[in-house]
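Index from 1, following the sequence.
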Amino acid sequence: EDYRSNLARALTQSYAEVEKDGRRYGLLGERIETPGSGQAGPFWTNGFYDAENLYRFQVDTGDEPIGDPPLAPSRVLAAMAHTVIGLEPQAYGGGSVKDRWPRFLAYTWTGPRIGGRLVTVEAKDRELYGPEKAGNTALLVRAGQQTGDPALLKAGEQMVEIVLDSSKGEGVPLGKLQGQYLTRLHAAVGRLAAGKAPLH
């Protein structure tokens with residue numbers, strides 16, 4: 001019940017799902033105080049914690065819609081994954097998950113909070129460090145497999161390669177950096193190895 005109420009509150013008060021060029025983007029972050037504008041992120045915690053909690057809720061409840069308006073966790077996760085592969089690298093002029101990502105995105109939209117039209121997006125704060133980006137690996141692979149979207153799946157595979165290559169080069173003992181690299185990696189690698197995995 002705590003997870004249900006807290007996740008529902010987050011999707012009601014701190015989440016916008018808006019469209020641009022036929023694509024839905026999910027932006028989760030600070031509480032939206034002013035209709036039409038918000039700040040999403042930090043993107044390392046979105047992938048590392050928020051997406052993981054939503055996924056566990058999805059599995060435990062059979063993808064029960066929550067929030068106001070009610071949204072299925074699978075829908076939110078897919079929209080958040082599209083933000084990671086689309087809006088995050090584009091904020092710095094890039095085009096793939098291999099490029100730089102900002103820690104936060106400031107955005108504006110017109111129309112409703114769910115289903116409105118995305119107008120502007122800009123990078124806020126510092127660039128994400130490599131280990132911070134790694135928290136989104138499982139989000140991308142899961143969303144890619146659940147939606148059948150090849151772009152999400154390809155980005156997830158690229159993130160796995162980036163994490164494995166980068167973690168070797170840190171030159172530090174097992175600690176926080178390796179923990180950030182590896183915590184969500186096993187879920188992504190397991191799903192990729194199994195092929196198109198079921199919901200759980």
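Taking the centre and axis of the six-membered ring of F57, the NZ or CZ atom of R4 falls outside the cone set by 45° and 6.0 Å.
Minimum heavy-atom separation, A155 to I85: CB-CG2, 3.4 Å. The minimum heavy-atom distance linking I66 with A8 is given by the pair CD1-N, 3.8 Å. Contact detail for V160 and A188: the closest heavy-atom pair is CG2-CB, 3.9 Å. Between L192 and Q145 the shortest heavy-atom distance is N-NE2, 4.0 Å. Taking every heavy atom of both residues into account, A78 and T147 meet most closely at CB-CG2, 3.7 Å.
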Chi angles and distances behind the side-chain contact (heavy atoms from CB on, under 4.5 Å) call for K124, Q39
CA-CA 9 Å; K124 297 292 281 188; Q39 182 168 291; 4.1 Å; yes
Please determine whether side-chain contact (heavy atoms from CB on, under 4.5 Å) holds for the pair I32 and R113, giving the CA-CA distance in whole Å, both sets of side-chain angles, and the decisive distance to 0.1 Å.
CA-CA 9 Å; I32 298 170; R113 178 178 60 84; 4.0 Å; yes
For side-chain contact (heavy atoms from CB on, under 4.5 Å), just list the numbers for I114 and R75, CA-CA rounded to whole Å, side-chain angles, deciding distance to a tenth of an Å, and then say yes or no.
CA-CA 12 Å; I114 306 299; R75 170 183 169 159; 3.5 Å; yes
Run the numbers on M80 and L28 for side-chain contact (heavy atoms from CB on, under 4.5 Å), then give the verdict.
CA-CA 8 Å; M80 288 175 65; L28 179 63; 4.2 Å; yes
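Between the side chain of T83 and the backbone N or O of A79, at least one donor-acceptor pair lies under 3.5 Å. Of the possible polar contacts, one joining the D63 side chain to the S74 backbone as a donor-acceptor pair under 3.5 Å is found. Looking only at distances, a side-chain donor or acceptor of W109 sits under 3.5 Å from a matching main-chain atom of G111. A donor-acceptor pair is defined here as one N or O able to donate and one able to accept, closer than 3.5 Å; such a pair exists between the side chain of K133 and the backbone of V97.
The pair R56-E52 counts as a salt bridge, with a side-chain nitrogen and a carboxylate oxygen less than 4.0 angstrom apart. Salt-bridge check for E132 with R126: passed, with a basic side-chain N closer than 4.0 Å to an acidic carboxylate O. Note on E19 versus R117: no salt bridge recorded, every NZ/NE/NH1/NH2 to OD/OE distance being 4.0 Å or above. By the 4.0 Å N-to-carboxylate-O rule, R24 lies close enough to E17 to be salt-bridged with it.
Contact of the Y15 side chain with the L27 side chain is not registered, since no non-hydrogen atoms from C-beta on lie closer than 4.5 Å. With contacts defined as side-chain heavy-atom distances shorter than 4.5 Å, the pair E88/P102 qualifies. Inter-residue side-chain proximity for W44 and N136 is flagged as unmet; no heavy-atom pair is nearer than 4.5 Å. Using a 4.5 Å heavy-atom threshold, the side chains of Y55 and Q146 count as touching.
Remark: the Q58 side chain and the E64 side chain contain no N/O donor-acceptor pair separated by less than 3.5 Å. A donor and an acceptor atom, one from each side chain of T120 and T108, are located under 3.5 Å apart. In this model, no donor atom of one side chain and acceptor atom of the other lie less than 3.5 Å apart for E1 and Y3. In this model, no donor atom of one side chain and acceptor atom of the other lie less than 3.5 Å apart for T12 and D68.
Expressed to the nearest 0.5 Å, how far OG of S96 lies from CD of Q158 amounts to 5.5 Å. Residue D50 holds its CG atom at 5.5 Å from OG1 of T45, rounded to the nearest 0.5 Å. Put simply, CZ on R142 and CG on L152 are 14.0 Å apart, with the number rounded to the nearest 0.5 Å. Of the inter-residue distances, the one linking E127 atom CD with D99 atom CG reads 10.0 Å to the nearest 0.5 angstrom. Separation of atoms CE (M159) and CG (L164) is listed at 10.5 Å; rounding is to 0.5 Å. Here R103 contributes atom CZ and D125 contributes atom CG; the two are 4.5 Å apart, rounded to the nearest 0.5 Å.
Applying the side chain to side chain contact (heavy atoms under 4.5 Å, CB included) criterion to Q13, with sequence neighbours excluded, gives R9, R31.
Hydrophobic clustering keeps V18 apart from F104 (ILVMFWY residues linked when any side-chain heavy atoms are closer than 4.5 Å, directly or through intermediates). Both L11 and V59 are part of a single hydrophobic cluster, where members link through side-chain heavy atoms under 4.5 Å apart. Hydrophobic clustering, with ILVMFWY side chains joined whenever heavy atoms are under 4.5 angstrom apart, keeps Y92 apart from L105. With hydrophobic clusters built from ILVMFWY side chains whose heavy atoms lie under 4.5 angstrom apart, L139 shares a cluster with Y49.
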